[in-house]
Each structure stands twice: as C-alpha cells, then as structure tokens.
There are 2 protein chains.
Amino acid sequence: MEAIRVIQVGLGPIGQGIVKFLLEREGLELVAAVDTAADKIGRDVGQLCGLDKKIGIKVRDNLSETIEDTNPDVAIVSTASSMEKVAPLIEQILSASVAVVTTCEEMAYPWMTQGALSKRLDESARKAGVAVLATGVNPGFLMDFLPLCFTAICQKVEKIKVQRIQDASTRRVPFQQKIGAGLTLEQFEAKRQSGTIRHVGLTESMHMIAARLGWKLEKTEDVLEPVVAVKEITSGYIPIKPGMVAGVRQSGKGYVNGEEVITLEFVATVGQNDPADVVEIDGQPKIKSIIPGGINGDVATCAIAVNAISSIISAEPGLRTMADMPPITFFNTLT
Amino acid sequence: MEAIRVIQVGLGPIGQGIVKFLLEREGLELVAAVDTAADKIGRDVGQLCGLDKKIGIKVRDNLSETIEDTNPDVAIVSTASSMEKVAPLIEQILSASVAVVTTCEEMAYPWMTQGALSKRLDESARKAGVAVLATGVNPGFLMDFLPLCFTAICQKVEKIKVQRIQDASTRRVPFQQKIGAGLTLEQFEAKRQSGTIRHVGLTESMHMIAARLGWKLEKTEDVLEPVVAVKEITSGYIPIKPGMVAGVRQSGKGYVNGEEVITLEFVATVGQNDPADVVEIDGQPKIKSIIPGGINGDVATCAIAVNAISSIISAEPGLRTMADMPPITFFNTLT
C-alpha cells in the first residue's frame, strides 16, 4: 500500500508533537507543514519540532499553494481551540478535496453550540467527498467517546460521571502555568476572566454523550474554580505556598428535567494525589472504570490525531464525530 | 419515530434475557419469537421468559412464516455458539432483507477462522442491502473492542493483555456447572474433552484485535485448564472440597515473530478473589484500565444485543464486526 500523504497545519506544541509521531510511523508520509508565525516560516520542520536533524521540509506559510504543490490525502489542523478561527482553514482544505483531522476542541461535537457553522462545514465536506473529524484525548476520547462505549453493555443509563484527575507536577511548564499553578487568587481570577485558564471541551463532550444516547439536555454548566494549596507544594516548576493556587477544578454538568445526568470533572493541580481517569455509569449494570495514574494528555492527543489519519480516509464524507464513525485504533504492521 | 420491529430467534437463557430487556425499552417492539424446542412452541413468550404476565405473543417454530407474517426490521439470533449452525438461519433471514444481530460467539470476528462462510454471509447481506453483526460482552466488547479503543491514544503498541477474572459464586447455577465447579479433575477432563466447558471466542477476539491493528498473527493458542480449590469453598451452589475443581482458566495467546503479542486470560471460579476486567496496553503510553468487580456477562450480553438494534439498521450493508462500525451505545429518550 502506498503511504498516506499528510500535511500538518499549525506547529504549536501539539502540532510539533504530531509531526514527531507522524515521522515515526510506517504508512504515513509528512509532505509539508504550514504555520504563519514569522519565527517559524522557512525553518526545517524537523529541527523546529526538536529533532536533532533536518528532515528537508521547510515550514511554509501559504496553505493553498502548499496543498497544490504537495497533493496531500489528509491535513491535520491544530491551530486553535476556537471553531470560528479554524473553520476558514478547514473550508480552504476541503475545497481541494482533502480530508481533515483537527484537534480543535470546539469541533469535537459542535452541532449544538455552533449549529450553522457545523452545517456549513458538513455540506462543504460532503460536496468535496471527504470527511472532517475533530479528536483528541479530551474532548474526543476520555470524557465522551469512552463513557459512550461503556454504555453499550447497559440496559439502563441513569447518570454518567467522568473524572479526569491529573497531577501537573510532571507536565511541561506551560501546562503548569496554564492551570494557574503558583498564582495568587487575585491573579487566578484575572486569568480566569481573560479566558486563558479554561479547558475547552467539557460542553462539547456533554453534547456528544447526550446526542448519542438520545437525551435532550435542557441546560449545561461549565464552572471553573481554583484549587488552593493547603501546605507548601514543591513538586512543580515553582514552589507553591499555602494559600496560593495549585491548579484548577473545572466541572461540566448537564441537566435533564432539573436533574444532573452528566457530570464531567476536570482537575489538574501540581502535587495532586491519586491521579486517575475514572468513568462511572449509574445504570444497569453500574460500571466503574479506572485508569490509575491517568493518561498523559499531550501524548494521547498527538497519538489519536495520527491514528485518525487512516480512519478519516475511509470515513463517510461530511462532518464526523468520534461517536458516529468506526473506532479509531492504532495501526501498524508488526514485522 | 416509529418503533423498530424486532423478532427474537432462540429462547435459551440469553434469548430470554434479550426478550425481557427488549420489552422494557422504548422505541423497540417485539413482534415475534421463534424457537424449535417442543416444550417452548406455542407458549406465551412473556411467561416463558419469566415475566409474571402474558404478553400475547406465542413462541413460533417456523422462521420464514414468522418473518413473512410480522415484517420485522431486525432479527436477533441467539441459538448457538457455532457459526456453522447459525449461518443457515441467518441466510434465511437475510433472504427477506431483514438485518441481523447475533450473539453467536464464532461470528464476532469470523474472517480468519471461517473465511468462506464469512464471505458468503457478507455477500448475502450486501445483496439484501442489510447488515449482520455478532456482538456480546465477550467476544464483542471486553476482550476485543475495548482494548482496540484504548489503542487509539497510543503512538506505539507492543503488546495487549486482557484479563477477565470472574467470581462465579453469584452467577446462575448453570454457569457454575458450565465452568466445572465441584467436579473432580477426572470429571473436568472428560467435560473438557467433550468441549462443553470451553468459553468460545478468545480466538475470534485475538483475530479482531490483530486485523484492526494490522498485525499478522502467525499462531494462536487457546488453552483451557482447571483451577483447583486449595481450601474448602462454600460460596457457590455446592461446597467445593480442596482438590476439587473451583472453575476454569482459559488463555488465548497470539504470536508475531515468535513473540506473544496478545494475551487474553479468562478466569471464572467459585470464590474467586478480586474479580475484575483489566486491559493492559504495553506501548507509548502504557495504559492499564480496571473495572473492579468486573462486568456481569449475562446482563451485558443481553444489553449490547438490544443496544445494537438501532446501530444495525443504519450500518453499512454486509457482515460487520464491532471493529468496523460506529460504536454501539445505549439509546433512550430521557423524558
């Protein structure tokens, strides 16, 4: 089988991680990479992504020209969490009949939150005869796809609760900064109001779950609060004194008839005890699934984006979600 | 939306469980049930299945006539573990352009073990424009679909190990008998040789995993051995003395280049400590997922067969597997 030709659009931390994973995989060929940051354009993609050698592909800034020159099968787009920002790029890619995998969190299940835009992308994709899918570890897997899969063995589902409890101590510094570790409560509040601290995707995950189960959510909530250190924490990139912020707790709640039927709890703090990814289904049977230690989000998001490449090519044309296409899996040839 | 019309074919323990679940669900209508056992034909299906009232549907013995009379959308077939036994029934159903969900274990992934028969059913289904799917808790979910799903977030997968460790103490008596609880080693060996003690599906699960990942298995093994009581066990339907059989351990192993890359361990004993369903992926990242207590197989198999009904109707025509169609989920309208 010929290698699948892939271009990477967006070379931030996730885009760089995807490139590294792509280059390791048989059956996939990175044919170009695009980013519009002045300090990235023209640089060797391998070196930019932290490899110790050049790969002979330079960062380009013109998406349309790049597609025309390199004739890719699939584009991976990881430029922003906002669907409004990402949609024009995706339209441009679809107009060349190239399939799209994106890590854009708002697109994980955009039908309820961005109905008109979803419909437009869906139509463009169908017209082009290719599929578009947003995926990632969360949204896209741990807090939506995985609990949905577990409901398959249930005769009744009353409530779904998912917890993603992360110890940020071992994560990269920007992640620790993103969750507000080491800030005062005032500083945290300022960042909260500016929107830079928020994990994007809880609402989309709730809508994916509800839509697939046939539940009509009358209300969703997405509440962000600081987790305050009660004693000094020294496991992170800076010491955190008691009273300072150790990280965030963000809760998504979905309601039917006034009752909370979906609860998604996203916790990331420096020095967190007992990190784990937990799914609980209250139903018949009751199911509790635990991944002790939890899943490293960066690795998992880059991996699932790469693994999605082989699925997206054979997927039904249109705007797809993780809930309406065959399961993405690792693929390889063990030789 | 109009209710989906369903017939149940086969009214053994699993078929009866499916009927009970079907009758509880909105959006599904049981229109007939078929079984050829003389002591079942003509009885009210509700009463036969242990409900305390008649449902006004009598067990019929002629499948073709039943389909013609009741015009179902989907047939659920739970008559046997053997694909050879089930295939003629399924052919008959397909010839009426009715979609099929079956709990036949050998059909969970029959492409490697029953290639010609799989191809024939696939062609019949395509010709009829409907889909056929075999599913269940195992094979069909815990030891194949679920580990496959977890590989989505892996950049590398070296080995997959799945353990299904069950305490049979709380299961129905026929299950305890089936796993040989209370037998002498000689009695167990006689039953083993007659094939009545074996769990069917480990080989099919290994082939599903391997095919989806792109691994070529050069050899599979499926080894069954007794688990012997070391002290008296009184938690089951009969006391088990030391030296007697408490249950079974069955191991499926799949090899690539002489290395065991898939290990499926199925253990069911009376008085088993720490029952659990465990998936371990050795790769990047390593993943360990645990369902403490484990999943009750009867409930889960009946539930997933019922939940598959809404998926099979919109599935691509042909012989499908859990690995190549959108995830089955619970479905309902919370009102």
Closest non-hydrogen contact found for B:Pro326 with A:Ala323 is CB-O, 4.2 Å

What are the two closest non-hydrogen atoms of B:Phe150 and A:Phe141, and how far apart are they? CA-CZ, 4.1 Å

Between B:Pro285 and A:Val299, what is the shortest heavy-atom contact and its length? CD-CG1, 3.7 Å

To the nearest 0.5 Å, how far apart are NZ in A:Lys156 and CZ in B:Arg25? 10.0 Å

Is it the side chain or the backbone of A:Ile295 that comes within 4.5 Å of chain B heavy atoms, both, or neither? side chain

Check for a donor-acceptor pair, side chain of B:Arg212 on one end and backbone N or O of A:Phe330 on the other, with a separation under 3.5 Å. no

Greatest number of non-hydrogen atom pairs under 4.5 angstrom with chain B, of A:Val306, A:Ile290, A:Ile287, falls to A:Ile290

Heavy-atom distances under 4.5 Å only: say whether A:Ser314 touches chain B with side chain, backbone, both or neither. neither

Considering only heavy atoms, which portion of A:Phe21 lies under 4.5 Å from any heavy atom of chain B: side chain, backbone, both, or neither? both

Quick one: which of B:Ile153, B:Leu148, B:Thr301 has the most heavy-atom pairs under 4.5 Å with chain A, could you say? B:Ile153

With only heavy atoms counted, which part of B:Leu146 is less than 4.5 Å from chain A, the side chain, the backbone, both or neither? side chain

Atom pair CG (B:Asn296) and CD (A:Gln284), whose distance is rounded to the nearest 0.5 Å: 9.5 Å

Distance-only, no hydrogens or angles: does the B:Asn307 side chain make a donor-acceptor pair with backbone N or O of A:Cys154 under 3.5 Å? yes

Let me know if A:Phe145 has heavy atoms under 4.5 Å from chain B in its side chain, its backbone, both or neither. side chain

Quick one: does B:Asn332's side chain have a donor or acceptor within less than 3.5 Å of a partner on A:Val157's backbone? no

What part of B:Thr135 gets within 4.5 angstrom of chain A, counting heavy atoms only: side chain, backbone, both, or neither? neither

Measure distances from A:Asp324 to the heavy atoms of chain B and classify the residue's part below 4.5 Å as side chain, backbone, both or neither. backbone

